[in-house]
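The structure under discussion appears below in the form of structure tokens.
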Amino acid sequence: MLLIHCPYCNQTLPEAEFTYAGEAHIARPADPSSVSDEEWRDFLFIRTNVKGPHYERWRHFHGCGRYFNAVRDTVSDRFLITYKTDDPRPELSDLLEKSK
Amino acid sequence: MTHFSALSLIKNALSGQKNWEPQWPDSEPKAEYDVIIVGAGGHGLGAAYYLAKEHGITNVAVIDKGWLGGGNTGRNTTIIRSNYLYDESAKLYDHALDLWDGLSQELNYNVMYSQRGVLMLAHNVHDVQSFQRHVHANRLNGVDNVWLSAEEAKEYCPPLDISPTARYPVVGAALQRRAGTARHDAVAWGYARGAAARGVDIIQNCPVTAIRRGPDGRVTGVETAKGFIGAKKVAVSAAGHTSVVMDSAGVRMPLESYPLQALVSEPVKPIFPCVVMSNSVHAYISQSDKGELVIGSGTDQYTSYSQRGGLPLIEHTVAAICEIFPIFNRMRMLRKWGGIVDVTPDRSAILGKTPVPGLYVNCGWGTGGFKATPGAAHTLAWTVAKDDPHPINAPFTLERFTTGRLIDEAAAAAVAH
């Protein structure tokens with residue numbers, strides 16, 4: 001079972017308390033009516049599906065109920081960091097350096 | 001290649017089983033091929049087989065990062081059925097079922113296809129409505145699927161608990177009698193043997209690291225652990241790793257890779273006559289010919305390339321099985337494992353051409369690719385050979401995610417997604 005740190009509750013808790021919420025940092029188009037079909041496709045359906053460090057969203061469903069972001073290695077399932085949604089996107093090179 | 005027959009079995013038995021020949025050689029790559037297929041699972045090997053047999057294209061290599069059939073082909077729960085809701089899916093999966101019917105004879109290799117029937121349990125009024133809709137839609141598409149009362153379901157599958165006090169009461173079930181199971185490894189081996197006999201090279205333990213394109217955009221070949229291999233056409237059939245491979249050709253895919261787990265119990269005497277699926281409680285079960293109960297469920301909630309998955313899901317699945325089949329609650333589980341499945345937003349496959357000339361893709365089968373193996377392989381071979389999709393796989397394009405013409409089995413399929 002994964003142990004996940006909720007940055008709002010500041011507690012590390014079992015996976016069963018959380019729900020996965022897909023890739024992070026995907027912004028909805030600001031002006032939807034001016035967006036082309038290809039851009040809609042990219043926004044709605046295309047995902048990086050990276051094999052390695054993955055920026056993603058989780059929700060502390062059975063806790064505070066809030067969404068937060070995380071970087072998790074999809075090969076080892078190890079979390080490099082979890083952070084609040086309004087925190088800036090952490091640089092991958094810093095995270096990899098820290099996790100050494 | 002040895003032709004298997006009663007005579008060859010007797011002959012080899014008399015000589016102490018010492019004169020069997022290898023069924024296919026482990027090939028070293030040539031400098032160039034007409035077609036390279038990335039991924040030596042059932043789908044990829046089958047496509048090579050049909051390319052050679054039906055289209056006369058034999059200068060073909062199937063390349064895999066591991067051993068053949070070692071990915072999802074060897075990790076699934078071997079269920080075969082075609083009772084999908086939408087016309088496009090029904091045609092595709094029923095095409096596969098037609099091919100399953102004669103596959104052992106076709107390949108001269110026993111894939112142990114057993115049409116023991118797949119029973120889908122309805123536990124509440126919504127299940128009943130949804131499954132009856134499926135039964136009717138299937139009938140209109142010529143796909144067999146019938147509605148059973150709880151008593152009839154119990155008669156078909158005696159271990160079922162249909163008491164009204166059950167945690168998940170069974171109020172009825174949909175039964176596809178033509179559905180069943182097959183020996184998954186034998187499917188890969190049978191296709192590999194048939195393809196190799198027709199001149200196809202099977203290259204194992206050779207990861208494809210990138211797809212190379214020429215200045216005109218066309219595919220020129222693949223980079224592998226054993227160096228560059230040229231190819232006029234490349235077909236990617238790499239399941240959970242499809243988006244990684246396609247990314248190297250500059251094609252971003254609408255795919256996410258999730259672990260899908262399965263487990264087997266200790267082997268016991270024959271007790272379970274069919275396949276039972278329960279979508280509401282998310283579990284499915286059958287008994288292998290070895291006697292193990294084969295149990296599966298939905299994917300883990302998070303994307304991952306680790307072929308493991310988490311224990312909470314196993315606990316949930318086994319709990320569901322014990323509720324529906326109380327007789328199994330003291331069975332011991334022997335092994336569990338995970339495979340990486342590539343899931344599309346509409347839960348339907350992508351099978352056809354790509355924006356890159358000479359590059360084809362067969363992916364997005366999600367949690368249910370095994371059943372489609374012969375159909376996917378057959379139509380992929382057609383698409384590669386003719387550079388044009390077969391009418392059956394024509395709707396399963398990559399462009400549908402731009403046009404919005406989705407095949408939305410996600411919400412409607414009678415499957416444990």
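Note on naming: letters A, B, ... go to the chains in the order of the sequence lines (proteins, then strands), and numbering restarts at 1 for each one. The shown structure was predicted, so the numbers you read here are calculated from the model rather than taken from an experiment. Every heavy atom of this structure was used, including side-chain atoms; hydrogens, water molecules and symmetry mates were not.
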| field | Taking every non-hydrogen atom, the tightest pair across A:Phe18 and B:Gln301 | value | O-NE2, 3.1 Å

| Is there a side-chain contact between A:Phe45 and B:Leu406, using heavy atoms and a 4.5 Å cut-off? | yes

| query | Any side-chain donor paired with an acceptor under 3.5 Å for A:Tyr20 and B:Thr303? | reply | yes

| task | Using non-hydrogen atoms and a 4.5 Å limit, figure out which bit of A:Asp77 sits close to chain B: side chain, backbone, both or neither. | result | side chain

| message | Would you compute the distance between atom CE of A:Met1 and atom CG of B:Leu313 and round it to the nearest 0.5 angstrom? | response | 11.0 Å

| message | Just so I understand: if I count every heavy-atom pair under 4.5 Å between each of B:Leu255, B:Thr403, B:Ile340, B:Asp300 and chain A, which residue has the most? | response | B:Leu255

| said: Looking at A:Arg59, I want to see if its CZ is surrounded by more than 12 non-hydrogen atoms of other residues, nucleotides or ligands under 6.0 Å. | reply: yes

| Say you draw a straight line from CD of A:Glu38 to CZ of B:Phe401; how long is it, rounded to the nearest 0.5 Å? | 14.5 Å

| Between B:Gly309, B:Gly310, B:Ser304, B:Gly404, which residue shows the highest count of heavy-atom pairs closer than 4.5 Å to chain A? | B:Ser304

| said: We want to know whether A:Asn49 and B:Tyr258 form a side-chain donor-acceptor pair, criterion being a heavy-atom distance below 3.5 angstrom. | reply: no

| request: Kindly check if the number of other-residue, nucleotide or ligand heavy atoms within 6.0 Å of CZ (A:Phe61) is above 12? | output: no

| field | Region of B:Ile314 that comes under 4.5 Å of a non-hydrogen atom in chain A | value | neither

| query | Counting only heavy atoms not in A:His25, do more than 12 fall under 6.0 Å of its NE2? | reply | yes

| task | Over all heavy atoms of both residues, which pair between A:Ser76 and B:Arg308 is shortest? Give the atoms and the distance, please. | result | O-NH2, 3.8 Å

| note | Correct closest heavy-atom pair for B:Tyr302 and A:Leu2 would be CE2-CD1, 3.5 Å

| request: Can you tell which part of A:Glu15 gets under 4.5 Å to a heavy atom of chain B, answering side chain, backbone, both or neither? | output: both

| Can you tell me how far the NE2 atom of A:His54 sits from the CD atom of B:Glu256, to the nearest 0.5 Å? | 6.5 Å

| At what distance, to the nearest 0.5 angstrom, does OG of B:Ser257 lie from CZ of A:Arg47? | 13.5 Å

| message | Just so I understand: if I count every heavy-atom pair under 4.5 Å between each of A:Leu44, A:Asp73, A:Asp42, A:Thr19 and chain B, which residue has the most? | response | A:Thr19

| query | Looking at A:Glu39, A:Glu23, A:Arg41, which makes the most heavy-atom pairs under 4.5 Å with chain B? | reply | A:Arg41

